[in-house]
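Numbering of ligands and ligand atoms starts at 1, following listing order.
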Amino acid sequence: MPRESTAAKLKRTQRILSALRRVYPDAHCELNFSNPLQLLVATILSAQCTDKRVNLVTAELFKKYRSAKDFAAAPLAEIEAAVKSTGFFRNKAKSIQACCAALVEKFGGEVPRTMDELHALAGVGRKTANVVLGNAFGVNVGVVVDTHVIRLSSRLGLAKGTDAVKLEQELMKLVPQNDWTWFSHWLIWHGRRRCAARKPDCLNCEIKTLCPQIGVKDF
Ligand code: SF4
């Protein structure tokens, strides 16, 4: 791809955003939740696991544990058994319990609404905090960077590399803050429905005229 000026890239990003907004008007977080605590727990469980599997697990989990206090007071082995099929279950159960204990101790059992407070909780990285802030509270503090966002940012020539923190900073400069949460959804939805890791459907892609398809020939 010939070198693109910053102004041209910003303009192309705007056109990509408009197109994706049209293609995915109903894009949303595909983890099921009905309150911020449920989204926090579901997001912790979603590491290295599909949203579909997490939704199956949380359908039962959230019937049994309804508050941060419930998770904090439960025997760890019980939580481990309940989340086992999501993988890395020992670490995830430990994080959920420690995180919920901190919510009870420091926040009266409520999920805090700031990046700093969320990020300080056990098992909560910047990505999880961004998911919770954007989807449970409607606060755009950053861009959720997951495997789809990394892959599509690269193919679309928006941001390079796999360092999530650096990539997020680059994307935040390109995308207007109001769209940060939407932008992640659009890329994730497009990644799942059109631009798969292997054999992306470039022929039928709705944004193919805006995409330099960087690295796609490798597949
Ligand atoms: S043109 Fe191909 S590589 Fe580019 S976004 Fe579409 S499916 Fe992905």
Please find out if atom 6 (Fe) of ligand 1 and some N, O or S atom of Cys205 are separated by less than 2.8 Å.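 Short answer: yes, at least one N, O or S atom is under the cut-off.
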
Sub-4.0 Å atoms of ligand 1 with respect to non-hydrogen atoms of [X]:
| X | result |
| --- | --- |
| Val216 | 3 (S) |
| Lys208 | 1 (S) |
| Arg155 | 3 (S) |

Are the side chain of Ser154 and the backbone N or O of Ile150 linked by a donor-acceptor pair below 3.5 Å? no

Quick check: does any side chain N or O of Asn130 sit under 3.5 Å from a backbone N or O of Gly142, one acting as donor and the other as acceptor? yes

With salt bridge (charged side-chain N to carboxylate O under 4.0 Å, His left out) as the test, would you mind laying out the steps for Arg192 and Glu30 before giving the verdict? CA-CA 11 Å; Arg192 286 180 175 155; Glu30 292 185 279; 2.6 Å; yes

Take Lys173 and Glu170 through the salt bridge (charged side-chain N to carboxylate O under 4.0 Å, His left out) test and state the conclusion after the steps. CA-CA 5 Å; Lys173 283 184 214 149; Glu170 282 189 54; over 6 Å; no

Under 2.8 Å from atom 8 (Fe) of ligand 1, can any N, O or S atom of Cys202 be found?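 False for Cys202.
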
With a 6.0 Å cut-off on ring centres, are His28 and Trp189 close enough?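 Ring centroids of His28 and Trp189 are less than 6.0 Å from each other.
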
Kindly give the heavy-atom pair with the smallest separation between Ala74 and Tyr65, and that separation in Å.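 Reported closest heavy-atom pair: CB-CE2, 3.5 Å.
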
Of the protein's non-hydrogen atoms, which lies at the shortest distance from atom 4 (Fe) of ligand 1, and what is that distance?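 Of the protein heavy atoms, Cys211 SG, 2.3 Å lies nearest.
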
Heavy-atom nearest neighbour in the protein, as seen from atom 8 (Fe) of ligand 1, with distance rounded to 0.1 Å: Cys195 SG, 2.4 Å

